[in-house]
Novice: 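One structure is given below, represented as structure tokens, and several questions about it will come after.
Just so it is clear, the values below take in all heavy atoms, side chains as well, and ignore hydrogens, waters and symmetry mates. Here the structure is a predicted model, which is why all the values come from computation and not from measurement. Chain letters run A, B, ... following the sequence lines, proteins first and then strands; every chain starts at 1.
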Amino acid sequence: MNALLPDIATILPTLLGGLQISLTLTFFSLLFGLPFGMLFSFGVTADNKIFRYISVFFVEVGRGAPALVLLQLMYYGLPNVQITLTSLVSACLALVWTTAAYTAELIRGGIQSVPHGEIEGSDALGMSVRDRLRFIVIPQGMRIALPSLMGFAVLLFQATSLAYTVAVPELMSQAYSTGSSTFKYLPAFIAAGLLYAAISIPATWLSVLTEKRLSRHL
Amino acid sequence: MSHTAPTKIRNVVQVRNLAKAYGDNVVLRDVSLSVPEGSVTAMIGPSGAGKSTVLRCMNLLEKPDSGEIEIDGHVINARKKISPKNLAALRRSAGMVFQHFNLFPHMTVLRNISLPQERILGRSRDEANTKTMELLTRMGLGDKADHYPARCSGGQQQRIAIARALALGPRVMLFDEPTSALDPEVGVEVLEVMKELASEGMTMVVVTHEMGFAANVSNELVVMADGCIIESGDPRQIMSDPQHERTRRFLRAVLER
């Protein structure tokens with residue numbers, strides 16, 4: 001027990017490579033997931049049936065199925081239909097799907113909270129639908145959605161730990177392998193937890209700060 | 001016929017046989033109305049009479065079930081397919097001012113007024129900003145250009161909204177209860193601006209509960225009740241000698257307040 005602190009201090013630096021992979025996974029999931037989320041946020045209420053059905057399918061499955069199931073499906077399931085992906089790509093694909101599904105709903109909520117009067121105002125001025133989206137609806141909708149999107153990014157970062165089940169060498173699997181090779185599970189997982197918290201807590205503060213800053217003209 | 005007469009006054013707005021219902025609830029039945037160039041038409045009547053609906057049909061914010069709207073030569077028939085081009089042209093000819101201003105809260109006052117000019121008229125940013133500053137100065141709001149709307153008072157916001165509509169050079173201004181959300185004292189600032197516009201010859205249609213404005217500024221009074229125009233004509237004439245029992249009842253109610 002006395003050795004706990006020194007053990008944590010020794011293990012922590014060895015986990016930084018894993019942290020980097022966790023962050024990379026988060027980054028790419030957001031990079032590809034957010035544009036799809038934006039697309040689906042319009043898709044679920046679109047007049048075009050095909051666009052709407054496809055959007056509803058991805059959003060409902062992405063939110064309905066646990067990320068772990070999607071992850072396993074991509075890595076262990078797809079080879080049954082002759083699609084074999086590396087562990088990193090399959091993890092990324094599953095998290096992109098989850099990200100798109102959840103952010104679609106967050107963005108839709110933001111967009112729908114733009115007051116109807118402003119839409120009428122832009123209509124009465126004779127603005128085109130495109131300009132209305134570009135200058136009025138999306139800037140304000142994203143502004144409203146941004147704090148919750150940042151909150152989602154924190155959850156996503158934590159969810160990358162699921163990728164350890166498909167052998168992505170991210171933070172959680174690094175901690176696990178350190179634990180199993182040295183039997184120092186306790187310091188290993190505490191160190192991992194500290195690293196997750198070191199990113200998540202400031203990021204949460206940032207989202208609260210952003211919320212305050214963005215609502216100042218409203 | 002009169003179309004050969006040299007002194008014929010052009011109608012900027014013509015509304016023909018407008019009808020609208022929400023399910024079983026009929027809000028407009030066969031409303032027709034002409035607004036001559038340079039005139040101020042005030043529309044009064046009890047709430048639910050359909051005044052705002054007529055106004056909102058004029059620039060197609062509400063789509064009538066049947067009837068025809070003509071503004072500055074652009075005709076839209078409710079029963080035919082509405083082309084986006086024609087709709088845009090019609091809306092460009094009509095400036096609209098709302099009860100709750102409907103400014104864009106995420107833009108400065110300057111951007112609120114300049115952006116529509118850039119996007120709709122294709123003005124450069126410099127041209128648009130020059131026009132905006134000219135209008136703001138005229139409204140006595142030259143120092144508000146860099147403020148956000150939320151930092152302006154209600155009366156200021158409404159004048160900004162008027163400037164935003166005027167910046168596009170409309171042929172007619174439509175006002176939907178422009179002072180109803182304001183304190184009476186602040187409403188006066190807005191009424192002053194409207195009076196000035198009227199004296200400059202702007203064609204205006206004003207849905208209002210301001211009887212003073214209706215009596216003193218408008219040239220034409222339209223009284224609506226239950227989705228119909230029940231009386232229209234010279235404002236002083238109607239106010240002093242209403243022909244219709246429903247008008248009498250309404251005027252008694254507002255004037256006794």
Side-chain angles (χ1 to χ4, degrees), chain A residues 34 37-38 41-42 45-49 51 103 106-150 206-218, chain B residues 52 55-56 58-63 71 74 84-109 111-122 147-152 157 160-161 164-170 173-176 181:
Chain A
L34 279 172
M38 175 85 94
S41 75
F42 287 105
T45 53
D47 290 330
N48 184 314
K49 267 192 182 162
F51 183 28
T103 57
L106 296 176
I107 293 171
R108 191 170 65 93
I111 278 170
Q112 283 182 344
S113 62
V114 175
H116 188 62
E118 289 170 41
I119 313 254
E120 284 201 334
S122 64
D123 272 349
L125 288 164
M127 269 195 198
S128 66
V129 175
R130 241 186 85 169
D131 277 1
R132 185 220 294 164
L133 285 177
R134 179 172 156 201
F135 294 104
I136 314 298
V137 176
I138 292 177
Q140 290 195 88
M142 288 308 279
R143 190 177 293 237
I144 295 163
L146 192 60
S148 40
L149 287 176
M150 290 172 75
L206 197 66
S207 79
V208 172
L209 213 72
T210 310
E211 185 165 15
K212 281 194 185 138
R213 211 181 131 70
L214 288 178
S215 57
R216 89 199 132 142
H217 297 307
L218 302 176
Chain B
S52 287
L55 199 75
R56 291 162 57 78
M58 284 182 186
N59 65 358
L60 275 297
L61 283 183
E62 305 271 358
K63 195 175 170 297
I71 296 185
H74 306 288
K85 218 174 140 189
N86 202 14
L87 180 63
L90 181 130
R91 283 179 170 164
R92 206 177 311 146
S93 311
M96 179 126 183
V97 175
F98 299 87
Q99 183 176 352
H100 296 287
F101 334 129
N102 296 357
L103 296 172
F104 307 129
H106 61 304
M107 297 180 192
T108 61
V109 169
R111 285 309 286 155
N112 260 281
I113 306 174
S114 290
L115 178 78
Q117 298 176 58
E118 290 166 26
R119 302 307 301 176
I120 293 149
L121 303 182
H147 288 208
Y148 283 85
R151 284 196 50 204
C152 301
Q157 289 192 48
I160 294 160
R164 182 174 70 173
L166 285 177
L168 301 179
M173 286 286 282
L174 312 174
F175 292 87
D176 190 3

Novice: Heavy-atom distances under 4.5 Å only: say whether A:Arg134 touches chain B with side chain, backbone, both or neither.
Specialist: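 When you check distances to chain B, only side chain atoms of A:Arg134 fall under 4.5 Å.
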
Novice: What heavy-atom pair brings A:Glu120 and B:Asn102 nearest, and what distance separates the two atoms?
Specialist: CB-ND2, 4.3 Å

Novice: Could you have a look at B:Asn59, B:Leu103, B:Leu61, B:Ile120 and say which one has the most heavy-atom pairs with chain A under 4.5 angstrom?
Specialist: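 The candidate making the most pairs under 4.5 Å is B:Ile120.
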
Novice: Between CZ of B:Phe104 and CZ of A:Arg132, what distance do you get to the nearest 0.5 Å?
Specialist: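 The CZ atom of B:Phe104 sits 10.0 Å away from the CZ atom of A:Arg132.
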
Novice: With a 4.5 angstrom heavy-atom cut-off, which part of B:Ala167 approaches chain A: side chain, backbone, both or neither?
Specialist: neither

Novice: If every non-hydrogen atom of B:His106 is compared with every non-hydrogen atom of A:Pro139, which pair is closest and at what distance?
Specialist: CD2-CB, 4.0 Å

Novice: Rounded to the nearest 0.5 Å, what separates atom NE2 in B:His100 from atom NE2 in A:His116?
Specialist: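 It comes to 13.0 Å.
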
Novice: Where do B:Met96 and A:Ala124 come nearest, in terms of heavy atoms and distance?
Specialist: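 Shortest heavy-atom contact: CB-CB, 3.9 Å.
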
Novice: Is there a side-chain contact between A:Ser128 and B:Arg119 in this structure, where contact means two heavy atoms from C-beta onward sitting under 4.5 Å apart?
Specialist: no

Novice: Evaluate side-chain contact (heavy atoms from CB on, under 4.5 Å) for B:Leu115 paired with A:Met127, printing each intermediate quantity in order.
Specialist: CA-CA 10 Å; B:Leu115 178 78; A:Met127 269 195 198; 3.8 Å; yes

Novice: Taking all atoms of both residues into account, what is the closest heavy-atom pair of A:Gly126 and B:Arg91, and its distance?
Specialist: CA-CB, 4.0 Å

Novice: Is B:Arg111 in contact with chain A via its backbone, its side chain, both, or neither, using a 4.5 Å heavy-atom distance?
Specialist: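 For B:Arg111, there is no contact with chain A at all, as no heavy atom is under 4.5 Å.
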
Novice: Heavy-atom pairs under 4.5 Å with chain B are the metric here; pick the option from A:Val114, A:Asp131, A:Ile119 that has the most.
Specialist: A:Asp131

Novice: Show the nearest heavy-atom pair for residues B:Met107 and A:Ile136, with the distance to one decimal.
Specialist: CE-CD1, 3.7 Å

Novice: Pick from B:Arg92, B:Arg164, B:Arg151: which one has the most heavy-atom pairs with chain A under 4.5 Å?
Specialist: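 Answer, by heavy-atom pair count under 4.5 Å with chain A: B:Arg164.
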
